[in-house]
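Take a look at the structure set out below.
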Protein chains: 2
Amino acid sequence: MASSVGPSRARKVTLRDVAQLAGVSVATASKALNGRDEVSEETRRRVTEVAERLAFTPNTLAQSILAGRSGTVGLLTNDLDGRFSLPILMGAEDAFGAGQMSVFLCDAREDAIREQHHLKALLGRRVDGLIVVGSKTDPRPPLGSKVPVPVVYAYAPSTDPADSSVVVDNVRAGRAAVEHLLATGRRHVAHVSGDVSYSAARDRAAGAGAALAEAGLDHVGPVRYGSWSEAWGRAAVAALLDADEPVDAVVCGSDQIARGVLDALRDRGVRVPDDVAVVGFDNWEPMISGSRPGLTSVDMRFQDMGRRAAERLFAALDGSDHPGVEAIEPRLVVRGSTVPEA
Amino acid sequence: MASSVGPSRARKVTLRDVAQLAGVSVATASKALNGRDEVSEETRRRVTEVAERLAFTPNTLAQSILAGRSGTVGLLTNDLDGRFSLPILMGAEDAFGAGQMSVFLCDAREDAIREQHHLKALLGRRVDGLIVVGSKTDPRPPLGSKVPVPVVYAYAPSTDPADSSVVVDNVRAGRAAVEHLLATGRRHVAHVSGDVSYSAARDRAAGAGAALAEAGLDHVGPVRYGSWSEAWGRAAVAALLDADEPVDAVVCGSDQIARGVLDALRDRGVRVPDDVAVVGFDNWEPMISGSRPGLTSVDMRFQDMGRRAAERLFAALDGSDHPGVEAIEPRLVVRGSTVPEA
DNA sequence: CTGTTAGCGCTTTCAC
DNA sequence: GTGAAAGCGCTAACAG
């Protein structure tokens, strides 16, 4: 027959329909379906059966309006296209998905106006809470003081330290990279990083520098800041080798830079890891999987960050929160670029 | 003072509060704020002013329950971590964001159970429609016949051709790649692709083969299926060159494979594009930007696909839809791997 | 155990 | 112009 697939314009089935067909009142039907124990088993059976048959789906909107909670949260991201917000978002979705929460996704694209617009829409929809995901590790201004629901900032913390934020620990990450290199016998560590205007670049370099200092060492040459690209990694290698200082390890500000460094070293006939070891940051699958040899990298655990953000939001929802900034501990993943593969 | 930042437990301000403070009835306040022209300018001014002052945000839930429409749509994806769903999702968010729609995001992770679970939650929240995003181009079973709202499938079409689906045109993409190679004087085209179990791999090869056939040519050697990795691209080059048949172009099943092919050719001293031209698919930024030379690639326009899916959903919402499968036309992006750079 | 009543926050007749 | 009343779908309190 004709539009058997078309959007069934049939009026949605309501609890009243169910009650009617089951021959009980709406109140009783409600109790039966919600497992309240003030109904006879017989009635419950009958109601459940009818509900099933009519494919009744309770209107959560109506429930929410009563309960005062909607069971939804807003995820306000700023670089949906970026590499960071996505895993964070997954982690959050993960933590929520377990329960009954649904997630509203909005991309503000670094535009404060758009962000306020989305914020308004979300509050109108009575979200129970918000997670705000930034695109850089640099602190960002808070949403505004009069947001009536708990907010957790992820990746980019709020500039207000009293707000709840979950961030990566870039200093520690830089330290981890260098400690690994020192532990595997390297002594001449160069550092090639990305855009110096990113706190991620500076913090990682600071952590690396501190770890070197503790061993009585210093970076070979200056920290070379540039851009977050493979091309910069390649260019930096040229400068590095031409400088003619001994180098037996390169810490790279990102996996992409590291990939460029690896390729350039290979072109020049420098053996990795025999002559020079290379470490990256982010443990980003697409870069890692194609590298020769496999790239040792510091995983910033974005997904866990999203999970933690969700957990903290939950905590805030039942008032058991302890606001402030929480840093996720990075995790070093060792591969062939620092240690010969088996 | 103490918890100035804590979740203000203050009861949400309602329309009644506004009405009371403005000295009018709820009905009048409603009319005033909604721009109905049955209120005096003076009253409207007063009400608006009070609403502003109290930071009144109308409860969309209550509005939705009345209107019968919630102004929300569900985005049911299956590989949030993948490369395809994200741009699609962005395109959709884009198209919706313009209006008043909010988007629920759910990741089913290829798990039918989880998908049904999310579906139920979304229907309970009374979404007005659904977009279902797959992770492969292979058709997928529809959600189920008794979904009471319009559904549009993106990337992975529904197996039911009567459903509304928006897909990429892989055959055409394969054809576009080869036509470009032929137009730039290539005659010996090899084909290295990914996992043969993916229709994307087979369709692209079919399109490429058809274009070659029309020129009285055939692929050099068999279409070499493997995996969607750089490593496979490198391995395939070895096999290809050892086969000792003349080759002046390689069509690669993905940018990742192409990247491997480029690197291997470079290692072997084969010049690109002088000796051999290389084309990839997806125009995926991370792979493109690091390639030497820049990689010519067929852009599948995922974001536009998401946008179209959203537009079709809109159409379905006001009944002006024409279900069926719609293919997005791919777009060739020429770079240095096929044509010498300026 | 069951049904009646009230009410969540809002919009919409329909009298005044 | 304005407000009282009804009602969207549902749950909670209280009678019966």
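Taking atom CG on Leu15(A) and atom P on dT11(D), their separation rounds to 6 Å, with Å as the unit. Between the CG atom of Leu66(A) and the C1' atom of dA13(D) there is a distance of 13 Å, given to the nearest Å. Separating the CZ atom of Arg45(B) from the P atom of dT2(D) is a distance of 13 Å, rounded to the nearest angstrom. Distance CG (Leu61(A)) to P (dG9(D)): 11 Å, rounded to an integer number of Å. Following rounding to the nearest Å, Asp37(B) (CG) and dT12(C) (P) show an atom-to-atom distance of 13 Å. Rounded to whole angstrom, the span from the CZ atom of Arg16(A) across to the C1' atom of dG7(D) amounts to 9 Å. Straight-line distance from the CG atom of Asn59(B) to the P atom of dC8(C): 12 Å, rounded to whole Å. When rounded to the nearest whole Å, the span between CD1 of Ile65(B) and C1' of dC8(C) equals 9 Å.
Around atom CD of Glu110(A), more than 12 heavy atoms belonging to other residues, nucleotides or ligands sit under 6.0 Å away. Within a 6.0 Å sphere centred on CZ of Arg69(B), heavy atoms belonging to other residues, nucleotides or ligands number 12 at most.
Glu38(B) comes within 4.0 angstrom of a nucleotide base, judged by non-hydrogen atoms across all strands. At the heavy-atom level, Thr43(A) lies under 4.0 Å from the strands shown only through sugar-phosphate atoms.
In this structure, the side chain of Arg44(A) engages the main chain of Ala32(A) through a donor-acceptor pair within 3.5 Å.
The phosphate of dG9(D) has neither OP1 nor OP2 within less than 4.0 Å of any side-chain N or O from Gln63(A). Taking only side-chain nitrogens and oxygens, Ser40(B) comes nearer than 4.0 Å to OP1 or OP2 of dT2(D).
Nearest-nucleotide positions on DNA chain D place Val39(B) closer to the 5' end than the other of Val39(B) and Arg126(B).
Using bins of under 30°, 30° to 60° and over 60° for the plane-to-plane angle, the ring pair Phe314(B)/Phe96(B) lands in the perpendicular bin. Ring geometry, Phe84(A) versus Tyr155(A): the interplanar angle falls under 30°, so the pair is classed parallel (tilted spans 30 to 60°).
In the set dT2(C), dG9(C), dC10(D), dC10(D) carries the atom at the smallest distance from any side-chain atom of Phe56(A). Nearest nucleotide to the side chain of Val24(A), out of dT2(D), dC10(C), dG3(C): dG3(C).
No side-chain N or O of Ser158(B) forms a donor-acceptor pair with one of Asp160(B) less than 3.5 Å apart.
With a 4.5 Å cut-off on side-chain heavy atoms, Met305(B) and Met300(B) do not count as touching.
Of the residues in residues 25-36 of chain A, those with a non-hydrogen atom less than 4.0 angstrom from any atom of DNA chain C are Ser25(A), Ala27(A), Thr28(A), Lys31(A).
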